[in-house]
Amino acid sequence: MEKVAEMKKKILQIFSILIVFGATFLFVCSGNGKSSPGFEGYYEYPDYRAMSPLLIISKCRIPEATLEVMTDEQLAQAVADFPLLIDIGAASSYEYGIKCLTKDCDAYKELLTRENAKDALMSTFMKLDEDEEGRLADKFMLAIIFFHEKNFKGTLSEEETEYAAKM
């Protein structure tokens, strides 16, 4: 009987230790994608489904300090994940939609200052899974950027142009 009680006590101690380690791990890793310096993972925008477009823009601002430490790939993924990316297609012209994206999406604005902006965005574009909900539209918007963003016009290779044109 004592052995059973002692065994239960040890199991409870082990379980408690696991809970503490698990909680610590989650706390350290869950910085909502906004950890700095040496930004890890991808930036996670807040849940925007019940917000107005103006509120989405204000809530989806990425702090300057975070933008500065994000890699080109992380910025490109943040652009692909930007909740109002789809608005490029709803604008009066694609060029105007891209102009609005530049104004409203901090990740895009920062990415445009980077030397490898086109390559990072193309890499993200090629990795997007069209079968994942909403990603086909995101991929289409990125293709529009490649053909209408003044910084990217004429910079795509023949293979990249062909791949993007399939959208």
Side-chain angles (χ1 to χ4, degrees), residues 26 29-167:
L26 287 174
C29 295
S30 72
N32 289 330
K34 298 179 183 177
S35 60
S36 202
F39 187 81
E40 297 290 326
Y42 293 107
Y43 190 82
E44 294 179 35
Y45 291 105
D47 185 6
Y48 57 87
R49 290 173 284 207
M51 295 183 200
S52 70
L54 290 176
L55 187 58
I56 291 172
I57 292 168
S58 68
K59 294 288 186 183
C60 290
R61 292 290 180 198
I62 302 174
E64 189 68 35
T66 301
L67 288 168
E68 291 172 359
V69 297
M70 290 175 76
T71 66
D72 297 349
E73 290 75 22
Q74 290 168 326
L75 289 168
Q77 186 63 51
V79 171
D81 294 341
F82 186 64
L84 297 178
L85 181 65
I86 193 76
D87 286 1
I88 292 172
S92 58
S93 70
Y94 292 143
E95 288 78 8
Y96 181 72
I98 292 169
K99 181 179 178 182
C100 291
L101 179 70
T102 306
K103 179 177 64 78
D104 299 334
C105 180
D106 298 326
Y108 187 64
K109 191 181 328 178
E110 176 67 23
L111 184 62
L112 289 177
T113 68
R114 306 284 179 96
E115 188 176 317
N116 296 319
K118 190 263 304 176
D119 295 332
L121 204 56
M122 179 58 74
S123 175
T124 298
F125 174 73
M126 291 178 147
K127 290 177 192 172
L128 283 180
D129 181 0
E130 297 170 13
D131 294 330
E132 188 180 332
E133 185 180 340
R135 283 316 205 181
L136 182 60
D138 294 338
K139 199 163 186 167
F140 184 68
M141 293 305 113
L142 292 179
I144 289 171
I145 290 172
F146 288 122
F147 293 116
H148 295 275
E149 166 60 57
K150 63 183 180 223
N151 296 308
F152 299 150
K153 280 185 180 177
T155 64
L156 297 180
S157 69
E158 189 175 318
E159 181 183 322
E160 290 170 333
T161 301
E162 196 173 297
Y163 186 80
K166 289 180 183 177
M167 292 307 304

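Two residues are said to be in side-chain contact when any heavy atoms from C-beta on lie closer than 4.5 Å; L142 and V79 meet this criterion. E149 is not listed as a side-chain neighbour of K118, based on a closest heavy-atom distance of 4.5 Å or more.
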Checking salt bridge (Lys or Arg N to Asp or Glu O under 4.0 Å) for the pair E110/R114: CA distance, chi angles, key distance, verdict? CA-CA 7 Å; E110 176 67 23; R114 306 284 179 96; 3.1 Å; yes
Can K127 and S123 be said to form a side-chain contact (heavy atoms from CB on, under 4.5 Å), step by step? CA-CA 6 Å; K127 290 177 192 172; S123 175; 3.4 Å; yes
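Y163 is linked by a side chain to side chain donor-acceptor pair (under 3.5 Å) to K139, counting only residues two or more places apart in sequence or in another chain. In this structure F147 satisfies the ring pair (Phe, Tyr, Trp, His ring centres under 6.0 Å) test with no other residue, sequence neighbours excluded.
Without hydrogens or angle criteria, Q77 side chain to Q74 main chain gives no donor-acceptor distance under 3.5 Å. Judged purely by atom type and a 3.5 angstrom limit, T124 uses its side chain to pair as donor or acceptor with the backbone of A120. In this structure a side-chain-to-backbone donor-acceptor pair under 3.5 Å is present from T161 to S157.
The distance from the SG atom of C105 to the CD1 atom of I57 is 10.0 Å, given to the nearest 0.5 Å. Put simply, CD1 on I145 and CG on L111 are 9.0 Å apart, with the number rounded to the nearest 0.5 Å. Rounding to the nearest 0.5 Å gives a distance of 9.0 Å between CD of E159 and CE of M122. Once rounded to the nearest 0.5 Å, the distance linking CE of M70 with CG of L75 reads 4.5 Å. Note that NZ of K153 is 10.5 Å distant from CG of N151, once rounded to the nearest 0.5 Å. Remark: L67 CG to Y43 OH distance equals 8.5 Å, nearest 0.5 Å.
A pairwise comparison of heavy atoms in D104 and F82 identifies O-CZ, 3.7 Å as the closest pair. Summarising the geometry of T102 relative to K109, their closest heavy-atom pair is O-CE, 3.2 Å, with the distance given to 0.1 Å.
A salt bridge links R61 with D106: the closest approach of a Lys/Arg side-chain nitrogen to an acidic carboxylate oxygen falls below 4.0 angstrom.
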What donor-acceptor contacts under 3.5 angstrom involve side-chain atoms of residues 83-100, with partners at least two apart or in another chain?
unit_1	atom_1	unit_2	atom_2	d
S93	OG	Y96	N	3.0
E95	OE2	H148	ND1	2.9

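Using the six-membered ring where Trp is involved, F152 and F146 have ring planes that are tilted, between 30° and 60° apart.
Counting non-hydrogen atoms of other residues, nucleotides and ligands closer than 6.0 Å to NZ of K150 gives a total of 12 or fewer.
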